[in-house]
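Step one of this worksheet: look at the structure below.
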Amino acid sequence: MSTPAAIAPPLASSAEPLTTTTAANLVQSVDWLAIAPPTLAAVVGLVVLVADLFVGDQKKALLGWVSVAGLAASALLLLPLLDGDRSTFCLTGDDGVCSYTADRFTLVIQFLVLGGALLAALLSVTTLKDADKKLPEGEYWFLLLSSAAGAALLPASRDLATLIVALEVASLPAFALVGIRHGDRKSSEAALKFFLSSVTATAVSLMGISFVYASTGTLYLTQVADRIQHVDGQLHTLAQTGVVLTLVGFAFKTAAVPFHFWVPDTYVGAPLPIAAYLSVVGKAVGFSGLILVTVVALPSYADVWGPALAALAALTMTVGNVGALRQQATRAYSAVRLLAWSSVGQAGYLLVPIAAAAYSDDAERSVGSTVAYALMYAAVNLGAFAVAALVGRTKAANRIADYRGLYATNSFAALLLAFFLLCLAGLPPGVIGLFAKVTVFSAAVDAGLGWLAVVMAVNVVIALFYYLQWTTLLFRAPEGEPAAHRVPAPLTIALALTGVLGVALSGAPQLVLRFAGTGLF
């Protein structure tokens with residue numbers, strides 16, 4: 001009769017290869033080149049945070065230039081990825097189901113995010129210098145780089161867990177950046193509003209995603225798209241509720257009406273470079289997440305999210321443009337408030353092609369229209385904020401009235417701002433703005449959303465009034481003694497980059513649509 005001791009060795013020897021096999025199956029290969037852009041931004045952020053402990057006050061400015069260099073290097077790391085799609089963190093035994101994919105859509109959004117963060121960093125170098133140590137530089141740069149790393153990770157996310165983690169990594173540092181001016185009541189109030197709205201959005205999104213997971217048993221976007229079509233009848237209501245809650249959560253992130261209330265006060269209370277960062281990178285994060293959830297994960301529920309997004313688009317562009325139209329030129333911070341309300345209106349335009357994807361036979365083309373519009377908007381809106389940062393150095397209230405006669409004191413900045421405003425309005429010589437609006441308009445018409453195209457046309461006319469009103473103010477005779485605007489080097493670089501990009505794209509607008517080909521399908 002065998003004893004337990006006698007049979008123990010065979011059991012151990014048979015368990016060893018089983019354990020080894022299981023461990024081997026859990027190990028995933030990592031494509032370090034694919035994940036290099038967001039990883040480098042995160043690493044540089046950590047380096048800056050540690051270096052801040054050892055760098056003296058007189059050399060704190062070096063931290064800013066290290067951050068600028070890190071963001072530029074992260075953007076350059078996108079170039080080796082252009083030769084083809086790359087995926088990593090894939091499901092064991094199925095290389096087609098992965099958590100991270102660097103395809104054309106990912107690279108375009110990462111370029112927008114890292115480029116936007118780079119320009120915001122250039123604006124921040126001047127802002128921190130003018131703040132005269134009232135803003136903690138080490139923490140500022142760490143938070144900005146951390147947020148940029150999360151924002152760059154999000155478009156590559158191909159499972160719902162990674163998507164939410166990336167969304168929060170991009171959002172949490174932004175809360176602190178908005179309220180980083182200690183003792184400033186306006187800044188604290190802005191951070192609180194931003195925090196509460198974003199936390200609510202995350203909670204709603206997580207509940208929706210949990211319902212989708214309970215219905216499908218998977219978090220991978222492609223598997224969700226397949227399994228949610230064959231959900232058991234008892235779970236059908238749960239799946240529908242999950243879809244709706246997930247959409248509501250991302251509507252908060254995109255500042256779609258009625259989830260936009262935090263935008264004006266947040267932009268006014270935040271340091272101006274952070275307002276510029278949120279207006280571009282924050283929107284890129286929200287819209288790329290919305291595209292991945294709707295078009296990739298939930299195409300079978302297009303009859304749910306298509307009409308919902310179309311209604312949100314119409315409401316958002318109308319409320320945003322009417323809000324911008326109501327801004328009084330003499331009110332404190334009216335220039336920043338106008339740009340904030342304008343960004344809400346622009347969010348409505350960005351929603352149009354995503355809604356059109358639900359009705360179109362070519363969803364990829366519709367999504368490409370949103371990406372193309374986002375690229376145009378990023379370049380010219382960051383340029384407008386750069387000019388606002390320049391004027392704000394001598395006019396702390398940053399009223400629209402403060403821009404009267406800007407051409408007499410700084411013709412370069414006045415001409416650039418006029419060009420950027422005309423681009424946002426969609427008027428020549430801002431050809432890229434006109435091209436982007438026509439592209440979005442065509443997406444709506446081709447999808448059979450004629451009523452939405454009409455609403456968009458009416459809103460474009462409304463927007464013309466306040467954009468042209470601000471533009472004409474730049475060339476009027478100044479009131480009183482004109483204030484000279486000295487342009488620091490970082491601010492000059494930011495203005496030059498956005499100006500060159502806007503002019504170049506206006507000369508060859510078709511390059512935007514070609515570059516914005518999504519590659520999602």
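In this chain, residues are counted from 1 in sequence order. Just the heavy atoms: all of them, side chains too, but no hydrogens, waters or symmetry mates, feed the values below.
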Note to self: side-chain hydrogen bond (donor to acceptor under 3.5 Å, both in side chains) for Thr127 and Asp130? Distances and angles first, verdict last.
What the structure shows: CA-CA 5 Å; Thr127 298; Asp130 291 344; 6.0 Å; no
* What's the verdict on side chain to side chain contact (heavy atoms under 4.5 Å, CB included) for Val319 and Trp341, showing C-alpha distance, side-chain angles and the deciding distance? -> CA-CA 8 Å; Val319 172; Trp341 282 108; 4.1 Å; yes
Exercise. Could you please spell out the steps behind the side chain to side chain contact (heavy atoms under 4.5 Å, CB included) verdict for Val296 and Leu292?
Key: CA-CA 5 Å; Val296 178; Leu292 290 172; 4.1 Å; yes
Inset, instruction - Start with the C-alpha gap between Asp265 and Arg337, add the side-chain angles, then the distance that decides, and say whether salt bridge (Lys or Arg N to Asp or Glu O under 4.0 Å) holds. - result: CA-CA 8 Å; Asp265 289 339; Arg337 284 188 176 277; 3.1 Å; yes
- Task: Evaluate the criterion side chain to side chain contact (heavy atoms under 4.5 Å, CB included) for residue pair Ser157 and Tyr100; output intermediate values, then yes/no.
- Result: CA-CA 5 Å; Ser157 304; Tyr100 187 103; over 6 Å; no
### Test salt bridge (Lys or Arg N to Asp or Glu O under 4.0 Å) applied to Glu189 and Arg185, step by step
CA-CA 6 Å; Glu189 181 182 348; Arg185 182 178 177 182; 5.3 Å; no
- request: Walk me through it: do Leu272 and Leu123 pass the test side chain to side chain contact (heavy atoms under 4.5 Å, CB included)?
  value: CA-CA 8 Å; Leu272 202 58; Leu123 298 181; over 6 Å; no
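Between the side chains of Tyr467 and Asn321, no donor-acceptor pair is found at a separation under 3.5 Å. For the residue pair Thr101/Ser87, the side-chain donor-acceptor check at 3.5 Å is satisfied. A side-chain N or O of Thr106 and one of Asp103 form a donor-acceptor pair less than 3.5 Å apart. Between the side chains of Tyr373 and Thr439, no donor N or O sits under 3.5 Å from an acceptor N or O.
Pro173 has its side chain out of reach of Leu144: every pair of non-hydrogen atoms, C-beta onward, lies at least 4.5 Å apart. Two residues are said to be in side-chain contact when any heavy atoms from C-beta on lie closer than 4.5 Å; Leu163 and Leu167 fail this criterion. Considering only heavy atoms from C-beta on, Phe261 comes within 4.5 Å of Ser197 through its side chain. Annotation: side chain of Leu160 is in contact with side chain of Leu221 (closest heavy-atom distance under 4.5 Å). Within the 4.5 Å cutoff, the side chain of Tyr466 has no heavy atoms near those of the Gln327 side chain. Looking only at side-chain heavy atoms (C-beta outward), Lys437 and Met456 come within less than 4.5 Å of each other. Between Pro155 and Gln110, some side-chain heavy-atom pair lies under the 4.5 Å cut-off. The closest side-chain heavy-atom distance from Phe420 to Leu424 is not below 4.5 Å.
Put simply, OG1 on Thr126 and CZ on Arg393 are 6.5 Å apart, with the number rounded to the nearest 0.5 Å. Leu62 contributes atom CG, which lies 11.5 Å from atom CG of Asp52 (distance to the nearest 0.5 angstrom). Remark: Leu312 CG to Met317 CE distance equals 10.5 Å, nearest 0.5 Å. Interatomic distance, Leu505 CG to Leu501 CG, rounded to the nearest 0.5 Å: 4.5 Å. For the atom pair OG1 (Thr471) and CG (Leu417), the distance works out to 7.0 Å, reported to the nearest 0.5 Å. Atom CG in Leu497 sits 7.0 Å away from atom CG in Leu118 (nearest 0.5 Å).
Summarising the local packing, CZ of Phe465 is surrounded by 12 or fewer heavy atoms from other residues, nucleotides or ligands at distances under 6.0 Å. At most 12 heavy atoms of other shown residues, nucleotides or ligands fall within 6.0 angstrom of atom CZ in Phe195. The number of heavy atoms from other shown groups lying within 6.0 Å of OH (Tyr213) does not exceed 12. Counting non-hydrogen atoms of neighbouring residues, nucleotides and ligands closer than 6.0 angstrom, the CZ atom of Phe419 exceeds 12 such neighbours.
For the pair Thr409 (side chain) and Leu406 (backbone), a donor-acceptor distance under 3.5 Å is present. Judged by distance alone, with hydrogens and angles left aside, the side-chain atoms of Thr316 form no donor-acceptor pair with the main-chain N or O of Gly348 at under 3.5 Å. No donor-acceptor pair closer than 3.5 Å links the side chain of Ser147 to the backbone N or O of Leu143. For Arg181 (side chain) and Gly269 (main-chain N/O), a donor-acceptor pair under 3.5 Å exists by modelled atom type. A distance-only check finds no donor-acceptor pair linking the side chain of Thr254 to the backbone of Phe287 [under 3.5 Å]. In terms of modelled atom types and a separation under 3.5 Å, the side chain of Ser506 and the main chain of Ile432 share a donor-acceptor contact. Judged by distance alone, the side chain of Ser187 and the main-chain N or O of Val178 form a donor-acceptor pair under 3.5 Å. A donor-acceptor contact shorter than 3.5 Å is absent between the side chain of Trp305 and the backbone of Ile354. No donor-acceptor distance shorter than 3.5 angstrom exists from the side chain of Asn398 to the backbone of Ser334, with no hydrogens or angles considered. For Ser288 (side chain) and Val285 (main-chain N/O), a donor-acceptor pair under 3.5 Å exists by modelled atom type.
Taking each heavy atom of Tyr333 and Ala396 in turn, the nearest pair found is CE2-O, 3.6 Å. Ser171 and Lys253 make their closest contact through OG-NZ, 3.4 Å (heavy atoms, listed as atom of the first residue, atom of the second, distance). Shortest non-hydrogen contact noted between Gly499 and Leu416 is CA-CD2, 3.8 Å. Heavy-atom minimum distance, Tyr277 versus Ala151: OH-CB, 4.5 Å. Scanning both residues, Ser67 and Trp141, for their nearest heavy atoms gives OG-CB, 3.4 Å. Listed here is the closest heavy atom pair of Leu154 and Gly289: CD2-N, 3.5 Å.
The aromatic rings of Trp262 and Phe194 lie parallel to each other, with less than 30° between the two planes, well short of the 60° mark.
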